[in-house]
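Presented below is the structure to which this report refers.
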Amino acid sequence: RSMKSRFRDFLTNRALFTISMIMAILGLAQGVVVTFFVLYTNEKLGYSLIAAGSLLTIAMISGAAGRILWGIVSDRLFHANRKPVLIIISGLTTVSAAVLAIWVDAWPYWLFLPLVIATGLSSAGWNSICLVLVTEISARNKTATSVGLASTIGWAGLFLGPIGFGSLTDHFGYSYAWISLAVFCSFSLILSFLIPVSIQHPMKTRNG
């Protein structure tokens with residue numbers, strides 16, 4: 001009965017459910033980048049496997065740095081307001097996927113590198129800011145359950161994303177698959193704007 005109550009509270013908590021959906025979409029993007037970026041840069045753009053692997057490494061390092069960077073941006077520039085940072089991350093993920101869809105192998109490497117960094121910062125750097133927001137808006141006696149449920153939804157996107165992206169790539173090509181990912185990420189951007197205003201400064205509320 002207690003567990004059913006926790007699930008019901010989770011599903012009826014608009015803010016928590018919205019953030020979980022954002023995590024699922026961003027997790028989908030992360031799964032796609034981790035799984036297909038090397039194949040995309042090798043098969044579509046013509047980079048060698050060593051160069052493609054190096055670019056994926058740069059993207060993942062950018063993602064690791066992003067988990068720290070977005071926290072600093074949220075705390076210092078937005079005064080612990082997480083909503084603007086989620087809007088930035090979702091927007092950057094959408095734009096990165098859209099640009100990857102139209103990228104051609106004739107364009108220079110030095111121009112491609114900033115796109116790789118932006119892709120890593122957004123699609124692989126969102127985790128910490130989302131989990132922090134989940135803990136901040138959850139009741140103290142339900143924090144662990146909320147984090148667990150939100151993470152489960154988020155990681156569901158991570159393993160479902162590559163399946164859909166791979167199917168689209170096989171049938172229609174990389175450009176169509178990246179555009180589809182950009183469309184999905186645009187829903188994350190919309191949902192970020194729909195996060196209730198009342199939780200924009202959660203630490204002030206929790207600390208009284």
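Hydrogens, waters and symmetry mates are skipped; everything else that's a heavy atom, side chains included, is used. Numbers here are sequence positions counted from 1.
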Exercise for the section: Mind checking the CG-SG spacing from L86 to C130? Nearest 0.5 Å is all I need. Expected result: 4.5 Å
Practice task
Treat each ILVMFWY residue as a node, draw an edge where side-chain heavy atoms are under 4.5 Å apart, and state whether L28 and I190 are in one component.
Solution key: yes
Handout entry: Cluster overlap V132 with L69, hydrophobic side-chain contacts below 4.5 Å
Key = no
Problem - Nearest atoms (heavy-atom pairs only) where S90 meets S188 - result: OG-OG, 2.7 Å
Problem - Passing candidate, side chain to side chain contact (heavy atoms under 4.5 Å, CB included) with R82, options I195, D75, I137 - result: D75
Exercise for the section: Could you tell me the separation between the OG1 atom of T41 and the CG atom of L55, rounded to the nearest 0.5 Å? Expected result: 6.0 Å
Problem - Min side-chain heavy-atom separation L115-L111 under 4.5 Å - result: no
Handout entry: From CD1 (I22) to OG (S192), nearest 0.5 Å
Key = 3.5 Å
Practice task
Using side chain to side chain contact (heavy atoms under 4.5 Å, CB included) as the criterion, list what pairs up with L56, not counting sequence neighbours.
Solution key: F37, V38, M60
Exercise for the section: State, to 0.1 Å, how close R14 and L194 come at their nearest heavy-atom pair, and which atoms those are. Expected result: NH2-O, 3.1 Å
Fill in the blank from the handout: Applied to residues 118-139, the ring-ring contact (aromatic ring centres under 6.0 Å, His included) test, sequence neighbours excluded, yields none
Fill in the blank from the handout: Of I88, L92, V33, the one forming a side chain to side chain contact (heavy atoms under 4.5 Å, CB included) with S122 is L92
Problem - Gap separating the CG atom of L39 from the CG atom of L49, nearest 0.5 angstrom - result: 8.5 Å
Practice task
Say whether L121 and V116 are linked into one hydrophobic cluster, either directly or through other cluster members, by side-chain heavy-atom distances under 4.5 angstrom.
Solution key: yes
Exercise for the section: State plainly whether one hydrophobic cluster holds both I61 and V34, where clusters connect Ile, Leu, Val, Met, Phe, Trp and Tyr through side-chain heavy atoms under 4.5 angstrom apart. Expected result: no
Distance-only donor-acceptor pairs under 3.5 Å for side chains of residues 148-155, two or more places apart:
unit_1	atom_1	unit_2	atom_2	d
S151	OG	V147	O	2.7
T152	OG1	G148	O	2.8

Fill in the blank from the handout: Value for OG (S20) from CG (L16), rounded to nearest 0.5 Å, stands at 4.5 Å
Practice task
Could you tell me whether the side chain of S186 and the main chain of V183 form a donor-acceptor pair under 3.5 Å?
Solution key: yes
Handout entry: L77, CG: over 12 other non-hydrogen atoms inside 6.0 angstrom
Key = yes
Exercise for the section: Indicate yes or no: at least one non-hydrogen side-chain atom of M23 is less than 4.5 angstrom from one of L131. Expected result: yes
Exercise for the section: Check whether L113 and V99 end up in the same hydrophobic cluster, where Ile, Leu, Val, Met, Phe, Trp and Tyr are linked by side-chain heavy atoms less than 4.5 Å apart. Expected result: yes
Completion exercise
Here the pair of heavy atoms bringing S74 nearest to I129 is CB-CD1, 3.8 Å
Distance-only criterion, 3.5 Å: show the donor-acceptor pairs between side-chain atoms of residues 160-172 and protein atoms not counting sequence neighbours.
unit_1	atom_1	unit_2	atom_2	d
S167	OG	I163	O	3.0
T169	OG1	F165	O	2.8
H171	ND1	S167	O	2.8

Problem - Heavy-atom side-chain contact between S175 and I102 under 4.5 Å - result: no
Practice task
Drop me the distance from L181's CG to T93's OG1, to the nearest 0.5 angstrom.
Solution key: 8.5 Å
Problem - I25 versus C185, closest heavy-atom pair with distance - result: CG2-CA, 3.8 Å
Fill in the blank from the handout: Contacts of P114 meeting side chain to side chain contact (heavy atoms under 4.5 Å, CB included) (sequence neighbours excluded), chain-then-number -> none
Exercise for the section: Not counting sequence neighbours, list each pair that qualifies as a ring-ring contact (aromatic ring centres under 6.0 Å, His included) and has a residue in residues 38-57. Expected result: Y40-Y174, Y40-W178, Y47-Y109, Y47-F112
